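A short write-up of the structure that comes next.
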Amino acid sequence: MSDIRLRFAPSPTGYLHVGGARTALFNWLLAHKLGGTFILRIEDTDVARSTEESVNAILEGMQWLGLEWDEGPFFQSDLFPVYREYVQKLLEEGKAYRCYCTAEELEKKRELAMAQGGKPKYDGTCRDLSEEIPGKPYVIRFRAPAVGVTAFDDLVKGQISFNNEELDDLIIQRSDGTPIYNFTVVIDDATMKVSTVIRGDDHLSNTPRQILLYEALGFPVPRFAHVPMILGSDKARLSKRHGATSVMAYRDMGYLPEAMINYLVRLGWSHGDDEIFSREELVDKFTLEGIGKSAGVFNPDKLLWLNAHYIKNGDPARLAQLLLPFLRERGVEPAANAPDLDGVIITLQERARTMLELADGALFYYQSEVVYDEQAAAKQLTAAQLPNLVSFAKQLATGGDMTPAGIEILFKEFCVTQGIKMGQIGPSVRVALCGVTTSPAIYDVIAVLGKDETIRRLERAIDFITARA
RNA sequence: GGUCCCAUCGUCUAGCGGUUAGGACACUGGCCUUUCACGUCGGUAACAGGGGUUCAAGUCCCCUUGGGAUCACCA
């Protein structure tokens, strides 16, 4: 194990969304590629907004995607004493100070500054206070350098620099004594020996403040890699109004985790013209250099295409397991004697793009009383088809080879002896068996259904036609 | 508004000074086919604009424009 240490540090204020998932994925991939350690840390210093449900939702999302972590989950709420210790250290060294300004005062000053076209930064009122004010609530602020430049070489964006005068004295501890994100993230990344911080673009402007903090605390500064944002179709930051943003929502909509992983990794990262990557190939090929600099639009169509690809090429037995909940939702419990689910799935794989479509497509196999689509029945289950269906059922009863190939031969021979074309028997058999005019290849359907069930369904259709006539 | 970041087909992207600017999704035409699909062959479609540097610029520099991020006792 190398000393490469990566982390994903979500705040538990909601589910795992696709942007967070991609950040987690990049961290996971790099950790696995370099033989490093992947840490999961829950940033729950904001007690008011953090919830246990969110924690669970995030863990569930990570697990579904197969992004297992090597260390953690650590909770920042468990580490408050550690943060206090470092705040104290800064205070003693004069690198932090008590600020007695109230939130209301600060808010007023900000508004005033904005109204006058100025910068809404802290004016330093308490920066040089010599005395403590007993009994008055205070926050702790970091004493940032007023001049100079803070620069860093971002692994994605390249050289970035900020003038320190743009940065103000950020609060590191609230008046209730709890620490604030920009401080805890530095303490944790330093004490957890994180070597590279891969995170969203939205943290870019926090980085110089954090670097200043690392330096004040005497910690080595990690490497940073800021990955671009994910946008919606209108190029605005991806949000619910663009559609589902929760990773688990995609599972529920019938998406496979490998499709989601493959889609996410290609949104912002590339390896030449390659599009399809197995988990192993990703670990092998992933590099930070492959990450692009610009924000990308989330494209549901491409995700759908990838999902279709993975369903088409997936192992039927595994798909069967994943399909079970979707079938149960539809009132189907594939029993041992019902059509073999693996076989059912094989006939459906290349025409289902989601597990939802797969489940819907599998339904007719398990309905003993197929519901005939009205238009399909009107066209294909008529008195004109009756003789052919009757003879075909008879013919089938004598048939031996019930493989798709054998059934195809049986059909062909039937057509020859009857002097008809495939189009005169195929469609009505299809409706008799499936109830609709679109279905898997009819030979495959018969093979899966088996001779007895096929004949039963044919006879039912014959009865249906007779009853109608 | 200040600061920071970004800019190749509608979308994701390849390109790392000399290419007929390539691939993928989507769209679309043909083929395959008993249905629907799959597959396969083809097509439409991009270097935001303007200045430089260079024998040569999508590739390097500057400006403009456009987009995004961020400016909390949130993370």
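Here is the naming used below: chain letters follow the sequence lines, and residue numbers restart at 1 for every chain. Keep in mind the model is a prediction, meaning the values are calculated, not measured.
Ring-plane geometry between A/F152 and A/F224 is classed as perpendicular, the angle between the planes exceeding 60 degrees on a 0 to 90 degree scale with a lower cut at 30.
Phosphate proximity of B/U3 to A/S205: absent, as no side-chain N or O sits under 4.0 Å from OP1 or OP2. At B/A7, none of the side-chain N or O atoms of A/K235 fall inside 4.0 Å of OP1 or OP2 (strictly under the cut-off). Proximity of A/R209 to the phosphate of B/U3: no side-chain N or O atom is located under 4.0 Å from OP1 or OP2. Distances shown here put every side-chain N or O of A/K121 at or beyond 4.0 Å from the OP1 or OP2 atom of B/C71. Proximity of A/R266 to the phosphate of B/U11: no side-chain N or O atom is located under 4.0 Å from OP1 or OP2. Not one side-chain nitrogen or oxygen of A/S11 sits closer than 4.0 Å to the OP1 or OP2 atom of B/C74. Listed pair A/R110 / B/C73 meets the phosphate criterion, a side-chain N or O lying under 4.0 Å from OP1 or OP2. Between A/R237 and B/U70 there is a side-chain polar atom (N or O) within less than 4.0 angstrom of OP1 or OP2. Phosphate contact (OP1/OP2 of B/G68, side-chain N/O of A/K293, threshold under 4.0 Å): absent.
Taking only side-chain atoms of A/K312, from C-beta outward, the nucleotide of B/C74, B/C38, B/C6 with the closest atom is B/C38. Closest contact between the side chain of A/D273 and the listed nucleotides B/A14, B/C73, B/A24 involves B/A14. If you check B/U34, B/G1, B/C6 against the side chain of A/P427, the one that comes closest is B/U34. In this structure, the nucleotide among B/C38, B/U34, B/C4 sitting nearest to the side chain of A/F162 is B/C4. Checked against B/C5, B/C74, B/C71, the side chain of A/D46 finds its nearest nucleotide in B/C74.
The separation between A/L204 atom CG and B/A75 atom C1' is 16 Å, rounded to whole Å. For the pair A/Y310 OH and B/A24 P, the computed distance is 16 Å after rounding to whole Å. The NZ-C1' distance, from A/K302 to B/C25, rounds to 5 Å in whole Å. In this structure, A/K285 places its NZ atom 16 Å from C1' of B/U13, rounding to the nearest Å. Rounded to whole Å, atom C1' of B/G68 lies 9 Å from atom CE of A/M229. One interatomic measurement links the two molecules: CG of A/N163 to P of B/C71, which rounds to 19 Å at whole-angstrom precision. Distance, A/Y122 OH to B/C73 P: 11 Å, rounded to whole Å. Separating the CD1 atom of A/I446 from the P atom of B/U34 is a distance of 14 Å, rounded to the nearest angstrom.
Pairing for B/U70 goes to B/G2, judged as Watson-Crick or G-U wobble with the two contacts each under 3.5 Å. With a cut-off of 3.5 Å on both pairing distances, B/U54 has no Watson-Crick or G-U wobble partner at all. Within the shown strands, nothing qualifies as a pairing partner of B/U35 under the Watson-Crick or G-U definition with both distances less than 3.5 Å.
Taking 3.5 Å as the limit, the base of B/C38 and the side chain of A/R351 contain no donor-acceptor pair of atoms between them. One N or O donor and one acceptor, one from the side chain of A/E275 and one from the base of B/G23, sit under 3.5 Å apart. Residue side chain A/N206 reaches the base of B/A75 through a donor-acceptor N/O pair under 3.5 Å, judged by distance alone.
Here, B/G22 and B/G58 have their P atoms 14 Å apart, quoted to the whole Å. Atom name P, nucleotides B/U35 and B/C16: the rounded distance is 46 Å, in whole Å. Atom name P, nucleotides B/G49 and B/G66: the rounded distance is 15 Å, in whole Å. Comparing B/C32 with B/C36, their C1' atoms are spaced 14 Å from each other, to the whole Å. For the C1' atoms, the distance linking B/U65 with B/A48 amounts to 8 Å, nearest Å. B/A56 and B/A45 have their P atoms separated by 30 Å, given to the nearest Å. Only the P atoms considered, B/U3 is 26 Å distant from B/U59, to the nearest whole Å. The P atoms of B/A14 and B/G23 are separated by 15 Å, rounded to the nearest whole Å.
Between A/E43 and A/R7, none of the side-chain N atoms (NZ, or NE/NH1/NH2) sits under 4.0 Å from a carboxylate O, so this pair counts as no salt bridge. Salt-bridge formation is detected for the pair A/E275/A/R266: a Lys NZ or Arg NE/NH1/NH2 atom is positioned less than 4.0 Å from an Asp or Glu carboxylate oxygen.
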Q: Check the pair A/D169, A/R127 against salt bridge (charged side-chain N to carboxylate O under 4.0 Å, His left out), reporting the backbone distance first and the verdict last.
A: CA-CA 8 Å; A/D169 290 351; A/R127 186 174 163 109; 2.8 Å; yes
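A/S175 comes within 4.0 angstrom of a nucleotide base, judged by non-hydrogen atoms across all strands. Nucleic acid contact for A/A441: base, since at least one base atom lies under 4.0 Å from a heavy atom of the residue.
Residue whose closest nucleotide on RNA chain B sits further toward the 5' end, between A/I442 and A/N299: A/N299. Comparing A/E166 and A/A103 along RNA chain B, the residue whose closest nucleotide (by nearest heavy atom) sits nearer the 5' end is A/E166.
The 12-atom threshold is exceeded at NZ of A/K312, counting heavy atoms of other residues, nucleotides or ligands nearer than 6.0 Å. At most 12 heavy atoms of other shown residues, nucleotides or ligands fall within 6.0 angstrom of atom CZ in A/R84.
Proximity of the aromatic rings of A/F8 and A/F26 is defined here by a centroid distance below 6.0 angstrom, and this criterion is not met.
The aromatic ring of A/H203 stacks onto the base of B/A75, its centre lying under 5.5 Å from the centre of the six-membered base ring with the two planes under 30° apart.
Between the side chains of A/T125 and A/K109, a donor-acceptor pair is found at a separation under 3.5 Å.
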